[in-house]
2 protein chains.
Amino acid sequence: MVTKGLRAGNVYDANCPTRLVLDRIADKWSVLVLGLLAHEPIRFNELRRRIDGISQKVLAQALRQLERDGLVNRKVTPTVPVTVEYSITPLGRTLSKTVDALSAWAEKHFSDVQRAQQAYDRQAAR
Amino acid sequence: MVTKGLRAGNVYDANCPTRLVLDRIADKWSVLVLGLLAHEPIRFNELRRRIDGISQKVLAQALRQLERDGLVNRKVTPTVPVTVEYSITPLGRTLSKTVDALSAWAEKHFSDVQRAQQAYDRQAAR
DNA sequence: CAGAATCCAGCTCGATACTG
DNA sequence: CAGTATCGAGCTGGATTCTG
């Protein structure tokens, strides 16, 4: 049951709006898309090409979410065929900064993580 | 097949080790668990109670991943019944800082996101 | 208390085909 | 070019039961 006077601060409550947002942005594709758009506007198929392994369906979904959340803009140019350019919004830019920190952490520490995994797996093997 | 001379920098390559790490940590449960353990060690059922909506199965999975990645410690005390305490590792602590930034962003901007969603949905209704 | 094991419904995702 | 629509395979995750 949802408490009426629910405070926004408790991220650990499933009904907390903040957690609804967190669930959305703690997604690998969003992280990657935002990271790319932070540098420059990019069109659909170019994004698809740059993000190895993403399918057209999932990319379309991710972009729609990001647009709905006000994090990216979608600009349609009615050429033939049409071109659609995605760019980051001011709000999206504030997020991309913390998201960059996440990527940076991964780059810096992946070897530590790999070592930990190998140690763990050796242990589990017995 | 993983290319031998693969550089660590390209997060947008599916075979990049960094992205393997990123995929793992860009997960809502990991974010929440790390956020709690950053403050104090916590036992299994207590974590379960504090994280609203997580099932025992998923929590166990998340914790095993985090332990394997070297981000949390698992300490078993052979009382009857046993108690298992999870705590954050030094490596985990470096991550929890950037992860906190993510939570903070969500808390700070969720109203902006909600407004954007409502505007988007009004638009889509027509 | 802290899980592992089982079972199964539901959702996700990729592949494919089609459209403005 | 930038998608949408449809359709299965498969993975995810909840509920339940059982254990040291």
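In what follows, every chain begins at residue 1, and chains take the letters A, B, ... in the order their sequences are listed. Values below: every heavy atom of this structure, side chains too, minus hydrogens, waters and symmetry copies.
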Is any side-chain N or O of [X] closer than 4.0 Å to OP1 or OP2 of [N]?
{"X": "A:R74", "N": "D:dG3", "answer": "yes"}
{"X": "B:R48", "N": "C:dG3", "answer": "no"}
{"X": "A:R64", "N": "D:dT4", "answer": "yes"}
{"X": "B:Y86", "N": "C:dC1", "answer": "no"}

Rounded distance in Å - [atom1] ([X]) to [atom2] ([N]):
{"X": "B:K75", "N": "C:dC1", "atom1": "NZ", "atom2": "C1'", "result": "16 Å"}
{"X": "B:Q61", "N": "D:dT12", "atom1": "CD", "atom2": "P", "result": "8 Å"}
{"X": "B:I51", "N": "D:dG14", "atom1": "CD1", "atom2": "C1'", "result": "16 Å"}

No-hydrogen, no-angle side-chain donor-acceptor test under 3.5 Å, A:E67 and A:N73: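 Result is no, nothing qualifies.
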
Quiz item: Given that B:R43 and A:V58 both sit by DNA chain C, which one's nearest nucleotide is further toward the 5' end?
Solution: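 Mapping each residue to its closest nucleotide by heavy atoms, the 5'-most match is B:R43.
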
- Item | A:V82 vs A:Q56, nearer the 5' end of DNA chain C by closest nucleotide |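 Result of the comparison: A:Q56.
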
Can a donor-acceptor pair be found, under 3.5 Å and without considering hydrogens, that links the side chain of B:T98 to the backbone of A:A101?
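No; judged by distance alone, with no hydrogens or angles, the pair does not exist.
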
Is the backbone of B:V113 close enough, under 3.5 Å, to the side chain of A:D69 for a donor and an acceptor to pair up by distance?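 Not a single qualifying donor-acceptor pair exists.
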
Salt bridge (charged side-chain N to carboxylate O under 4.0 Å, His left out) contacts touching residues 83-99 of chain A (sequence neighbours left out):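 Checked against salt bridge (charged side-chain N to carboxylate O under 4.0 Å, His left out) - neighbours excluded - the pairs reaching residues 83-99 of chain A are A:K75-A:E85.
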
Flag the pair B:I54 / B:L32 as yes when at least one side-chain heavy-atom distance between them is below 4.5 Å, and no otherwise.
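SC-SC contact between B:I54 and B:L32 ruled out.
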
Do B:V72 and B:L34 touch side chain to side chain, with heavy atoms closer than 4.5 Å?
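A side-chain contact under 4.5 Å exists here.
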
| To 10°, what angle do the rotation axes through the five end pairs on each side of the helix from C:dC1-D:dG20 to C:dG20-D:dC1 form? |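 Computed angle between terminal axes is 50°.
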
